[in-house]
Number of protein chains: 2
Amino acid sequence: MSRWEPNTRERLVRAALDLFSEQGYDATTVSQIAERAGGLTKMTFFRYFSDKREVLFAGQDVHLRLLCDAIATAPDTATPLQTVTAGLDAITGTFTDERRDIAARLPAVIAESSELRERGAFKRAGLADAMRQALTTRGVPELTADLAAELGTRALYRAVQRWVDPANQQTLTDLARQALDELRTAAAALD
Amino acid sequence: MSRWEPNTRERLVRAALDLFSEQGYDATTVSQIAERAGGLTKMTFFRYFSDKREVLFAGQDVHLRLLCDAIATAPDTATPLQTVTAGLDAITGTFTDERRDIAARLPAVIAESSELRERGAFKRAGLADAMRQALTTRGVPELTADLAAELGTRALYRAVQRWVDPANQQTLTDLARQALDELRTAAAALD
């Protein structure tokens with residue numbers, strides 16, 4: 001199999017998921033992942049991912065860019081949560097059905113390794129932070145931006161959780177919008 | 001200086017903070033930290049901390065126990081946020097003034113290292129998760145517990161940020177209660 005095959009990145013992700021599931025994250029080397037992905041080398045792996053953990057989390061930079069662009073260009077009249085919705089729509093629109101089985105397998109694999117859990121928590125914080133900053137850039141007050149970004153991040157994670165359920169028939173975009181509504185209602189009722 | 005001196009743990013934390021500030025986290029070894037803490041050995045370090053990162057974050061287990069006990073024993077009539085307040089009171093009561101200068105130095109040092117930032121994000125998530133679980137154990141519905149725990153965690157972090165300001169005259173307990181009130185008001189107003 002040529003190393004220039006177009007879906008190299010995805011093959012590496014799938015190979016990593018397989019190996020982490022079979023033998024654990026710690027016991028898996030980057031060379032093994034590359035080999036399993038179709039006889040690739042470690043060097044090829046590092047062209048796509050900065051380290052072994054990143055293979056399960058890469059691509060966030062693209063999401064953050066889409067998110068921030070959508071938030072920046074939302075109508076001036078949009079409320080903070082309407083703005084967050086525009087940002088989430090931009091991200092969720094990129095989740096194709098082919099990614100669903102990868103997304104479905106991630107939680108179990110991540111839960112097994114403290115290194116992966118840490119990287120996961122870091123990525124989540126990065127998403128919330130980018131959303132918060134994009135909102136404050138629009139002039140949303142700091143505390144409101146903080147909370148709106150937190151609800152937006154939670155909405156996305158809750159939506160993905162539902163989306164990977166084989167019984168689910170809705171798009172990720174619809175699920176994220178619903179989740180944000182639920183979170184907003186619950187936040188308003190807190191006492 | 002004897003390795004049995006009572007404040008070994010604190011000396012190790014201060015030595016680590018000094019060295020991370022002076023030469024960076026990556027360039028600092030556990031042996032250097034132990035040596036700087038008064039001629040201790042690497043072995044002594046590892047009696048207190050599981051790894052180099054942990055030196056800046058240890059002690060969370062004690063906080064989580066206090067938090068969960070306080071939440072579990074709050075009056076049956078307490079609302080979710082009143083319960084969170086009881087939990088925060090239990091934690092904030094343990095922050096002595098001697099810890100203030102350590103707490104004041106942490107953010108700048110943590111910001112400089114991605115490994116420390118990751119561990120920090122992980123600890124924060126652990127706190128929120130413990131709070132959420134303690135609330136659901138009391139029968140608080142999942143989504144409400146989630147958000148109440150998030151506000152509680154944010155309140156604590158915001159309060160510590162204010163507490164370490166040399167101009168601040170309030171106790172951490174008061175600051176955390178105020179921060180929680182502010183967050184609650186902002187959450188209720190989200191649109």
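Quick caveat: nothing in here was measured; it's all calculated off a predicted structure. Naming convention: chains lettered A, B, ... in sequence-line order (proteins, then strands); numbering from 1 in each chain.
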B:S114 side, atom OG; A:R119 side, atom CZ - distance, nearest 0.5 Å: 7.0 Å
I'd like to know whether CD of B:E112 has more than 12 heavy-atom contacts from other residues, nucleotides or ligands below 6.0 angstrom.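 For B:E112, atom CD is not crowded (no more than 12 foreign heavy atoms under 6.0 Å).
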Should the heavy atoms of other residues, nucleotides or ligands under 6.0 Å from CG of A:D76 be counted, would the total exceed 12?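 Atom CG in A:D76 is not crowded, with 12 or fewer foreign heavy atoms closer than 6.0 Å.
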Any link between [X] and [Y] through a network of hydrophobic side chains (Ile, Leu, Val, Met, Phe, Trp, Tyr) touching at under 4.5 Å?
X      : Y      : answer
A:V109 : A:Y157 : no
B:F49  : B:V62  : no
B:L106 : B:L12  : yes

Heavy-atom contact with chain B under 4.5 Å, split by part of A:L183: both
Contact part of A:R117 toward chain B, heavy-atom cut-off under 4.5 Å: side chain, backbone, both or neither?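 Both backbone and side chain of A:R117 come within 4.5 Å of chain B.
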What residue, out of [options], has the most heavy-atom pairs lying under 4.5 Å from chain B?
options                : value
A:A125, A:A186, A:G120 : A:A186
A:E150, A:E182, A:R184 : A:E150
A:A188, A:A189, A:A187 : A:A187

Going by atom type alone, with no hydrogens or angles, which donor-acceptor pairs under 3.5 Å involve a side-chain atom of residues 140-147 of chain B and a protein atom two or more places apart or on another chain?
unit_1: B:E142; atom_1: OE2; unit_2: A:R158; atom_2: NH1; d: 3.3
unit_1: B:D146; atom_1: OD2; unit_2: A:R154; atom_2: NH1; d: 3.0

Flag the one option from B:L151, B:V84, B:T79 with the top tally of heavy-atom pairs under 4.5 Å to chain A. B:T79
